[in-house]
S.K.: 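For reference, the structure I am asking about is given below.
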Amino acid sequence: MLIDTHAHIMFPEFDEDRGEVLKRAREAGLGAIVNVGCGAESSEQSVEMARRDESGFLYATVGLHPYDADQISDELMGKWEGWILEDQKRAERDTQNSGVFGRRIVAIG
């Protein structure tokens, strides 16, 4: 299975045709997309998109781009930790999707 491990489908450039982009990716044989959060806002958008996707096609990362490292805070880290713990609990409850791919958030950085 091919997986796109670094996409930014949540960016505004995809607002008008995001659904079509995802449809074409599936039709081309892509098995999954990891939507990479690279800031506080894009990380939240990435997680929300992955959580709404019930098909198991979209996954999320949360993080900050190195040039935004000054934005890191205890509040932001606490928020991300909460998302990850919630995601882990959800995956553990879902026996059909156990393991890493049962989780919607697959990396933090």
S.K.: Apply salt bridge (Lys or Arg N to Asp or Glu O under 4.0 Å) to the pair Glu75 and Lys79, showing each step before the final yes or no.
M.R.: CA-CA 6 Å; Glu75 180 183 349; Lys79 187 176 194 178; over 6 Å; no
S.K.: Quick one: do Val36 and Leu30 end up in the same hydrophobic cluster if we chain Ile, Leu, Val, Met, Phe, Trp and Tyr together by side-chain heavy atoms under 4.5 Å apart?
M.R.: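 Val36 does not cluster with Leu30.
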S.K.: Using a strict 4.0 Å threshold on nitrogen-to-oxygen distance, state whether Glu48 and Arg51 make a salt bridge.
M.R.: yes
S.K.: Check whether Ser46 reaches the backbone of Ser42 with its side chain - one donor and one acceptor, N or O, closer than 3.5 Å.
M.R.: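 No; zero donor-acceptor contacts below 3.5 Å.
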S.K.: How many angstroms lie between CD1 in Ile105 and CD1 in Ile108, if you round to the nearest 0.5 Å?
M.R.: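 One finds 8.5 Å between CD1 of Ile105 and CD1 of Ile108.
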S.K.: Do we get Arg103 above Tyr59's six-membered ring, with its NZ or CZ under 6.0 Å from the centre and within 45° of the axis?
M.R.: no
S.K.: For the residue pair Ala50 and Arg104, what are the closest heavy atoms and their distance?
M.R.: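 Scanning both residues, the minimum pair turns out to be O-NE, 3.1 Å.
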S.K.: Please round to the nearest 0.5 Å and tell me the distance separating atom CD1 of Ile33 and atom OG1 of Thr5.
M.R.: 11.0 Å
S.K.: About how many Å separate CG of Leu22 and CG of Leu58, when rounded to the nearest 0.5 Å?
M.R.: 5.5 Å
S.K.: Surrounding CD of Glu27 (heavy atoms of other residues, nucleotides or ligands, distance under 6.0 Å), is the total greater than 12?
M.R.: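 Yes, CD of Glu27 has more than 12 neighbouring heavy atoms, counting only those of other groups under 6.0 Å.
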S.K.: Provide the closest heavy-atom pair for Phe57 versus Gly31 in the form atom of the first, atom of the second, distance.
M.R.: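 Reported closest heavy-atom pair: CD1-O, 3.5 Å.
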S.K.: Before accepting this row, confirm whether a basic side-chain N of the pair Arg26/Asp53 lies closer than 4.0 Å to the acidic partner's carboxylate O.
M.R.: yes
S.K.: In the structure I gave you, are the side-chain heavy atoms of Val21 and Ile9 within less than 4.5 Å of one another anywhere?
M.R.: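 Yes, side chains in contact.
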S.K.: CD of Glu44 to CH2 of Trp83: how many Å apart, nearest 0.5 Å?
M.R.: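 Glu44 atom CD to Trp83 atom CH2 measures 4.5 Å (nearest 0.5 Å).
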S.K.: Keeping Arg18 on the side-chain end and Phe11 on the backbone end, is there a donor-acceptor pair under 3.5 Å?
M.R.: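 Confirmed, Arg18 side chain pairs with Phe11 backbone.
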S.K.: With under 30° as parallel and over 60° as perpendicular, where do the rings of His65 and Tyr67 fit, or are they tilted in between?
M.R.: tilted
S.K.: Measuring only between side-chain heavy atoms, which start at C-beta, is Met49 closer than 4.5 Å to Arg52?
M.R.: yes
S.K.: Val106 and side chain to side chain contact (heavy atoms under 4.5 Å, CB included): which partner among Val62, Asn35, Val34?
M.R.: Val34
S.K.: Taking the side chain as every heavy atom from C-beta outward, state whether Gln88 and Leu85 have any atom pair closer than 4.5 Å.
M.R.: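 The answer is yes; the side chains approach within 4.5 Å.
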S.K.: For the backbone of Gly37 and the side chain of Thr61, can you confirm whether one donor and one acceptor N or O come within less than 3.5 Å of each other?
M.R.: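 Yes.
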S.K.: Determine whether more than 12 heavy atoms belonging to other residues, nucleotides or ligands lie under 6.0 Å from atom CG of Asp74.
M.R.: no
